[in-house]
Number of protein chains: 2
Amino acid sequence: MFTYLYPYFQQILNTMKRQITIKDIAIKLGLSTSTVSRALKDHPDISPKTRTAVKELAALLGYRPNRIALNLRSNSTRTIGLIIPEIEHYFFSAIINGIEEIAYKNDYSVMVFQSNETYRREVNNTHAVLTNRVDGVLVSFSKETQDYSHFMKLVENEIPVVFFDRVVDGLPADQVVADDYHGAFMAVNHLIEKGCKRIAHFSAPQHLLIGKNRLSGYYDALLKHNMPIDANLVFPSDTYDESKRIALSVLKLPNRPDGFFAVNDMSAIAIIKAAKELNLRIPEDIKVVGFENSKSAALCEPELTTVDQFGFELGREACLLLLKRLKENNQSNFKPERKVIKMKLIQRKST
Amino acid sequence: MFTYLYPYFQQILNTMKRQITIKDIAIKLGLSTSTVSRALKDHPDISPKTRTAVKELAALLGYRPNRIALNLRSNSTRTIGLIIPEIEHYFFSAIINGIEEIAYKNDYSVMVFQSNETYRREVNNTHAVLTNRVDGVLVSFSKETQDYSHFMKLVENEIPVVFFDRVVDGLPADQVVADDYHGAFMAVNHLIEKGCKRIAHFSAPQHLLIGKNRLSGYYDALLKHNMPIDANLVFPSDTYDESKRIALSVLKLPNRPDGFFAVNDMSAIAIIKAAKELNLRIPEDIKVVGFENSKSAALCEPELTTVDQFGFELGREACLLLLKRLKENNQSNFKPERKVIKMKLIQRKST
DNA sequence: AAAATAACCGCAATCGGTTGAAATTTGTTC
DNA sequence: GAACAAATTTCAACCGATTGCGGTTATTTT
């Protein structure tokens with residue numbers, strides 16, 4: 001069944017050496033560990049002769065410093081913790097990509113913890129990052145989270161926290177957010193300019209800022225064009241199934257909306273699917289705008305007009321901000337910072 | 001701009017205490033650190049009185065053991081490293097989800113490293129997991145990787161490795177793979193039963209087993225039905241853009257294929273898009289089967305028939321296998337294990 | 001009352017590396 | 001060749017916890 005690229009791997013496994021340490025080098029050269037340590041980092045006290053001797057032997061033996069020992073001494077791990085609702089969402093995986101990119105370039109490692117959109121697990125995740133002694137934490141709340149004391153524990157333990165995308169005001173931590181208000185405004189404004197007279201909004205939970213801000217953008221775009229505001233046209237729904245169900249009933253109403261602004265692409269696509277089932281034409285009968293610019297948005301039929309959230313950029317910026325905090329150490333007069341990522345309307349066939 | 005949920009957070013920040021240690025407790029109670037340590041873990045030597053005293057103070061002060069110190073002493077980190085091509089692919093994010101699930105349940109943490117499909121970065125990732133002293137590593141190769149010595153370094157350092165999805169035979173490590181051969185066979189068999197006479201295959205790189213096995217499945221399904229094999233109908237292409245380009249040219253040929261089996265959903269959807277641009281009807285004129293069962297597969301038009309790879313399951317199994325290896329320690333007579341994940345044909349409108 | 005036995009607790013080494021201060025070797029000068 | 005300075009190297013403490021072993025009480029046995 002197996003044909004071995006490394007035929008004698010059993011031999012390899014038998015000769016496995018434990019990781020060699022600075023002590024091994026010291027003994028072999030008849031030096032002290034301190035000398036070896038200093039030699040390896042070009043300390044001026046060490047004579048060139050011993051320095052090269054140490055370095056050569058280290059290279060020969062394949063020495064690599066034990067990061068754990070360094071961690072213990074320096075009380076830092078060069079690791080950042082990431083607490084995120086669900087990895088499988090395109091938006092979040094794009095964010096992770098951006099985070100990992102920056103972390104990699106700065107020689108940090110990323111530990112990933114999923115909350116699965118539950119408060120309980122999110123609390124456990126904060127414990128996990130604490131016991132793992134990460135240097136800093138990046139967080140996007142779960143939908144359930146309405147109490148934030150578990151994050152305060154991180155702050156109290158001197159662990160810098162940067163919240164991204166799903167944030168609330170009032171926590172002593174930095175934020176990186178998309179310009180949800182403006183994105184929503186652009187989306188709805190676009191629908192109006194395309195001739196929509198009655199625009200519905202499928203919204204995110206209102207205890208999250210992203211929910212509030214997108215709703216505000218929706219309202220303000222209507223106001224700008226002197227259009228009536230109808231609270232009955234706002235439906236809290238941000239999943240595919242829920243949105244499809246709602247869309248199917250809403251589209252059967254006599255005065256059905258002719259425009260839809262959905263809080264994410266999955267909801268928008270659900271609306272499109274529902275419309276098609278009811279034999280409504282898109283964009284002739286109804287127009288739809290999504291929010292995210294996921295891969296599916298470009299693939300669905302008709303292609304979805306949407307607002308690009310630049311998840312990759314958002315992840316990058318969040319990580320950069322965290323690294324900046326890790327470099328400074330005057331937490332004494334900390335002022336939280338907020339970084340806003342600009343968004344862009346991607347116009348396609350659904351409007 | 002900010003309104004504070006925790007209005008006096010400046011005060012909180014100023015009173016930040018460094019993580020309290022076992023020593024703090026020992027001093028406060030006039031005990032030695034060893035006694036405190038033993039008390040905390042219910043060692044029989046310690047009297048109930050001091051034990052409860054220690055535990056109460058520990059709880060009061062919010063003591064949590066310093067994992068780094070434990071790591072140093074135990075020479076293990078309860079961390080597993082994950083080296084993966086690209087997080088943004090739905091299949092891989094589903095796998096991470098499965099891995100994290102199992103790791104979480106077993107109190108392990110996951111460090112994620114992306115190779116971005118490059119050999120160079122993958123080598124760097126192996127260095128990163130080494131310096132981070134993870135207990136074990138889960139790997140899916142980059143497309144570029146054809147030399148595997150960097151992984152041998154992990155094995156030599158006594159770090160168990162489990163390869164998943166993208167594997168090669170002959171490495172002294174476990175494997176968890178999808179049943180690519182059978183999945184491909186099912187897909188092509190399905191196309192034939194639906195009446196296709198000339199079936200093209202968009203394939204993965206042939207140095208990866210997934211590429212080879214899916215191609216074999218394709219061939220064997222044709223053979224089973226006594227259909228001719230035409231090497232010109234196999235196109236190495238596993239990205240959206242490349243597949244669209246190829247599909248556009250192939251579909252213009254006089255003897256164009258009437259069935260397509262693509263190595264992943266993105267390629268399959270590209271073929272559908274190309275067909276539509278050329279005003280070909282699906283499934284009447286051509287039929288398409290994908291491989292992955294991503295979210296987009298259910299959303300595209302017509303909905304894509306595809307083979308579900310069960311990424312979540314695959315991630316779970318890979319992680320379980322690694323944890324099993326971590327528990328045993330008789331690497332002396334190590335025999336690599338291979339776990340195969342069954343796949344399932346998901347029949348939809350594209351065939 | 002002396003000795004044996006529990007019951008409790010502390011000392012010190014350890015994990016692998018860093019670093020200030022002390023000690024040793026080497027070189028220079030008179 | 002002694003005295004002193006400079007160059008090199010070692011000592012020992014430290015980071016935070018664990019643990020074998022030895023030590024100190026209190027309790028029981030003879």
Side-chain angles (χ1 to χ4, degrees), chain A residues 17-55 57-59 61-79 130-135 157-159, chain B residues 17-55 57-59 61-79 130-135 157-159:
Chain A
K17 59 219 167 192
R18 66 158 173 54
Q19 287 276 358
I20 79 131
T21 74
I22 225 168
K23 203 179 199 171
D24 299 324
I25 299 178
I27 291 173
K28 283 221 168 89
L29 292 177
L31 292 170
S32 72
T33 59
S34 20
T35 303
V36 175
S37 171
R38 281 190 251 256
L40 286 172
K41 42 182 44 183
D42 293 323
H43 193 286
D45 272 6
I46 306 301
S47 72
K49 212 188 313 168
T50 61
R51 188 189 332 138
T52 57
V54 167
K55 284 194 170 178
L57 185 58
L61 298 179
Y63 167 77
R64 14 182 80 248
N66 187 326
R67 180 81 140 250
I68 303 175
L70 298 180
N71 288 347
L72 179 60
R73 191 144 214 290
S74 65
N75 199 28
S76 83
T77 54
R78 271 199 111 66
T79 295
L130 267 177
T131 64
N132 278 292
R133 293 294 207 274
V134 299
D135 290 351
N157 281 297
E158 297 198 316
I159 299 180
Chain B
K17 61 225 168 190
R18 67 159 172 52
Q19 287 277 359
I20 79 131
T21 74
I22 224 169
K23 203 179 199 172
D24 299 323
I25 300 178
I27 292 174
K28 282 219 168 86
L29 292 177
L31 293 169
S32 73
T33 59
S34 17
T35 304
V36 174
S37 170
R38 280 187 256 253
L40 287 172
K41 42 182 46 184
D42 293 323
H43 193 284
D45 271 7
I46 306 301
S47 71
K49 211 189 316 168
T50 61
R51 191 192 327 140
T52 56
V54 167
K55 283 192 174 181
L57 185 58
L61 298 178
Y63 166 78
R64 14 182 79 249
N66 187 324
R67 179 80 141 250
I68 303 176
L70 297 180
N71 288 346
L72 179 59
R73 196 146 208 290
S74 66
N75 199 29
S76 84
T77 53
R78 271 198 110 67
T79 295
L130 266 177
T131 64
N132 278 292
R133 292 295 206 273
V134 298
D135 291 349
N157 281 296
E158 296 198 318
I159 299 179

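Each chain gets a letter, A, B and so on, in the order its sequence line appears, and its residues count up from 1.
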* **Sub-4.5 Å side-chain heavy-atom contact between R133(A) and Q19(B)** => yes
* Asked: Quick one: is K23(B) getting a side-chain N or O under 4.0 Å of the dA17(D) phosphate, OP1 or OP2?
  -> no
* Between K41(A) and A69(B), which has a closest nucleotide on DNA chain C that is more 5'? -> A69(B)
Whole-Å gap separating [atom2] ([N]) and [atom1] ([X]):
X      : N       : atom1 : atom2 : answer
I22(B) : dG10(C) : CD1   : P     : 12 Å
N66(A) : dG17(C) : CG    : C1'   : 8 Å
R67(A) : dG17(C) : CZ    : P     : 13 Å
I68(A) : dC15(C) : CD1   : P     : 14 Å
L72(A) : dT14(C) : CG    : P     : 17 Å
R51(B) : dA7(C)  : CZ    : P     : 13 Å
L70(A) : dG16(D) : CG    : P     : 15 Å

* Closest approach of T33(B) to K23(B) (non-hydrogen atoms, all atoms of both residues) -> CG2-CA, 4.0 Å
* Minimum heavy-atom separation for N71(B) to S76(B), with atom names? -> OD1-O, 2.9 Å
* Structure fact -> Here the gap from T79(B) atom OG1 to N132(B) atom CG, rounded to the nearest 0.5 Å, amounts to 8.0 Å
* Nearest-0.5 Å distance, OG1 of residue T21(B) to OH of residue Y63(B) -> 7.5 Å
* **Touch class at under 4.0 angstrom, heavy-atom based, for S74(B) against every strand present** => nothing
* Tell me, which of residues 24-40 of chain A have any heavy atom that sits under 4.0 Å from an atom in DNA chain C? -> S34(A), S37(A), R38(A)
* To do: Mind running a 4.0 Å heavy-atom check of residues 42-49 of chain A against DNA chain C and sending the residues that fall below it, in number order?
  => none
Please check if the side chain of [X] supplies one atom and the backbone of [Y] the other of a donor-acceptor pair under 3.5 Å.
X       : Y      : answer
T35(A)  : L31(A) : no
D135(B) : T77(B) : yes
N66(A)  : I68(A) : yes

With a cut-off of 3.5 Å and sequence neighbours excluded, list every side-chain donor-acceptor pair involving residues 36-44 of chain A.
unit_1: D42(A); atom_1: OD1; unit_2: K55(A); atom_2: NZ; d: 2.7
unit_1: D42(A); atom_1: OD2; unit_2: K55(A); atom_2: NZ; d: 3.3
unit_1: H43(A); atom_1: ND1; unit_2: D45(A); atom_2: N; d: 3.1

